Novice: 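Once you've had a glance at the structure underneath, I'll fire off some questions.
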2 protein chains.
Amino acid sequence: MISSRRLAEREGITSAQVRKDLSCFGSFGRRGLGYDVANLRVEIREILGLARRWRVAVVGAGNVGAALLAYRGFEKQGFDVVAVFDRDPARIGIRLGTRVVQDVASLPAVAAREQVEIGVIATPPRAAQEVTDLLVAAGVGGILNFAPRKLFVPAHVALRTVDMAMELESLSFALARARPPRDGSPPRERGARSARA
Amino acid sequence: MISSRRLAEREGITSAQVRKDLSCFGSFGRRGLGYDVANLRVEIREILGLARRWRVAVVGAGNVGAALLAYRGFEKQGFDVVAVFDRDPARIGIRLGTRVVQDVASLPAVAAREQVEIGVIATPPRAAQEVTDLLVAAGVGGILNFAPRKLFVPAHVALRTVDMAMELESLSFALARARPPRDGSPPRERGARSARA
DNA sequence: CGCGGTGCGTGAATGTTTTCACAAGCGGGC
DNA sequence: GCCCGCTTGTGAAAACATTCACGCACCGCG
């Protein structure tokens, strides 16, 4: 068993936050005792939609694509990469993880046949929107984008973008105000969220 | 010139939000006209701490490290990778981008000499905390972590973690509630933030 | 030089999230 | 069986964020 207080300490938040968040989805604890760890784990996986497995396609077999395929964490968390695509003939046919890279031209047919539900974009930015449209047309419900580019998707498709440059900029922002440049100008006002892991 | 309304449309937020956010840091627009694009760009770069260049070290010369070095966006945005480290002798000495991979054993000396300000962790998870401690001891002010692991840093060090599995889980969460499984159970209550790009 | 259209900056109002604080449930000791 | 210390679940309060709406500055035009 674990109490909301100990969970909170581990994550650097308050115990009230832990309890309120969990109470959004049900009543998993026992008063006086706390939460059963094994059961809580199952409940949270259910909440996150990890009770089932998801069929994922990766587009782009460059460094980012290779990093994704090398990462065993996906498989373990319930994500199966069922196809990898690239446009470059030099990459088509090579093996990446357990998959062989296919021509992006075959994406519409393969994605439909394999019932891909989530697409990961690891292409150069200029190809990103085009690939997005292919994935959406193939019926994916969610897209994870690693290309540094704003993408447009229909409202029914979930989109998340990870931009490494933006992450660095956020550090730059935190550092710039933590140790202001040289002059003795006063610190600027509010605005920044606290930087937490 | 560009108005807060047009900026808002581009980003999918409200014009009031644009104006309020900018007003946190100063008064950059002109009534009746809007914002001067070139000037606004300079001001925002200043706010984000991008008016100067930052000295970055990358630890881990695997796929993620290679992806980072290949990405020209950093250099353009003001981040100079001044050193790359790895532990694997097979990787030490090879060139990655414009840098030669050095032994992580030399990190303390090199990071101090090169005045590294930001460290990027692209190692396997089990090495991540150890490398973090080395970077902190070498005096970095910020750490960008790509290892799927919770890191501990002193309060004066800014930390950002990018966990690819977590990003996929967030999509899974959105998809699971958008199209609930098979049974006709009622949708659960609130809890999810809207998924925006 | 005055007028009308435009659009910023900002208090006030509204909405959302986080924190507080406490009744009620639970197990253990006696 | 009863008391006590512990911890959840949750309304109420406080803090925080977003949106509204309007005064005022500004430009262009006649």
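Quick note on labels: first sequence line is chain A, next is B, and so on, each numbered from 1. If you're wondering where the values come from, they're calculated on a predicted model, not measured in any experiment.
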Novice: Can you tell me if the side-chain N/O atoms of A:Ser4 get under 4.0 Å from OP1 or OP2 in D:dT8?
Specialist: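 Yes, A:Ser4 has a side-chain N/O under 4.0 Å of OP1/OP2 on D:dT8.
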Novice: Any chance CD of A:Glu9 has more than 12 other-residue heavy atoms, nucleotides or ligands included, within less than 6.0 Å?
Specialist: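 Yes, because the 6.0 Å sphere around CD of A:Glu9 holds more than 12 heavy atoms from other groups.
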Novice: If I take atom CZ in residue B:Phe28 and atom C1' in nucleotide D:dC26, what distance separates them, rounded to the nearest angstrom?
Specialist: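 In whole Å, D:dC26 C1' lies 19 Å from B:Phe28 CZ.
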Novice: What I'd like to find out is whether the side chain of B:Arg55 reaches to under 4.5 Å of the side chain of B:Asp80, using heavy atoms alone.
Specialist: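 No - every pair of side-chain heavy atoms lies 4.5 Å or more apart.
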Novice: Hey, which sits more toward the 5' end of DNA chain C by its nearest nucleotide, A:Leu33 or B:Leu22?
Specialist: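 Closest to the 5' end, via its nearest nucleotide, is B:Leu22.
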Novice: Looking at the side chain of A:Lys20, which of D:dT8, C:dG11, C:dT19 is the nearest nucleotide?
Specialist: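 Nearest to the side chain of A:Lys20 among the choices is C:dT19.
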Novice: Roughly how many Å is it from CG in A:Leu7 to C1' in D:dT7, rounded to a whole number?
Specialist: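 These atoms are roughly 12 Å apart.
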Novice: Could you check how far CG of B:Leu40 sits from C1' of C:dG7, rounded to whole Å?
Specialist: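 That distance rounds to 15 Å.
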Novice: Is a donor-acceptor contact shorter than 3.5 angstrom present between the side chain of B:Arg19 and the base of C:dG9?
Specialist: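 Indeed there is one.
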Novice: Find the distance A:Phe25:CZ to D:dT10:P and express it as a whole number of Å.
Specialist: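 The answer, rounded to whole Å, is 14 Å.
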Novice: Among D:dG9, C:dT10, C:dG27, which nucleotide has an atom closest to any side-chain atom of B:Ser23?
Specialist: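 Minimum distance to the B:Ser23 side chain belongs to C:dT10.
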Novice: Distance check, rounded to the nearest 0.5 Å: A:Gln129 atom CD versus A:Asn145 atom CG?
Specialist: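 Here the rounded value is 9.0 Å.
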Novice: Treating A:Ser172 as the side-chain partner and A:Leu168 as the backbone partner, does any N or O pair qualify as donor plus acceptor under 3.5 Å?
Specialist: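 Flag not set: sc A:Ser172 to bb A:Leu168 has no pair under 3.5 Å.
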Novice: Measure from the side chain of B:Ser27, starting at C-beta and using heavy atoms only, and say which of D:dC27, C:dG9, C:dG27 lies closest.
Specialist: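 Selected nucleotide (nearest to the side chain): C:dG9.
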Novice: For D:dT19, does OP1 or OP2 lie under 4.0 Å from any side-chain N or O of B:Gln17?
Specialist: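 For D:dT19, OP1 or OP2 has a side-chain N or O of B:Gln17 closer than 4.0 Å.
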Novice: So how far is it from A:Arg30 CZ to A:Asn39 CG, rounded to the nearest 0.5 Å?
Specialist: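 One gets 10.0 Å once the value is rounded to the nearest 0.5 Å.
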Novice: Is there a donor and acceptor pair, one atom on the side chain of A:Arg31 and one on the base of D:dT8, closer than 3.5 Å?
Specialist: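 Between D:dT8 and A:Arg31, which were checked side chain against base, a qualifying N/O pair under 3.5 Å is present.
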Novice: Tell me whether the OP1 or OP2 atom of D:dG9 has a side-chain N or O from A:Tyr35 closer than 4.0 Å.
Specialist: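 A:Tyr35 to D:dG9 OP1/OP2: side-chain N or O found under 4.0 Å.
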Novice: What integer distance in Å separates B:Asp36:CG from D:dA25:P?
Specialist: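 Value for this atom pair: 21 Å.
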Novice: On DNA chain D, nearest-nucleotide positions of B:Thr14 versus A:Arg5: which is more 5'?
Specialist: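 It is A:Arg5 whose nearest nucleotide is closer to the 5' end.
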Novice: Of all the choices, D:dC26, D:dG9, D:dT7, which nucleotide is nearest to the side chain of A:Ser3 once you look at every atom?
Specialist: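 It is D:dT7.
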Novice: From CZ of A:Arg30 over to C1' of D:dG5, roughly how many Å is that when rounded to an integer?
Specialist: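 Result: 17 Å.
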Novice: Nearest whole angstrom, please: distance from the P of C:dG25 to the CE of A:Met1.
Specialist: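 Distance, rounded to whole Å: 17 Å.
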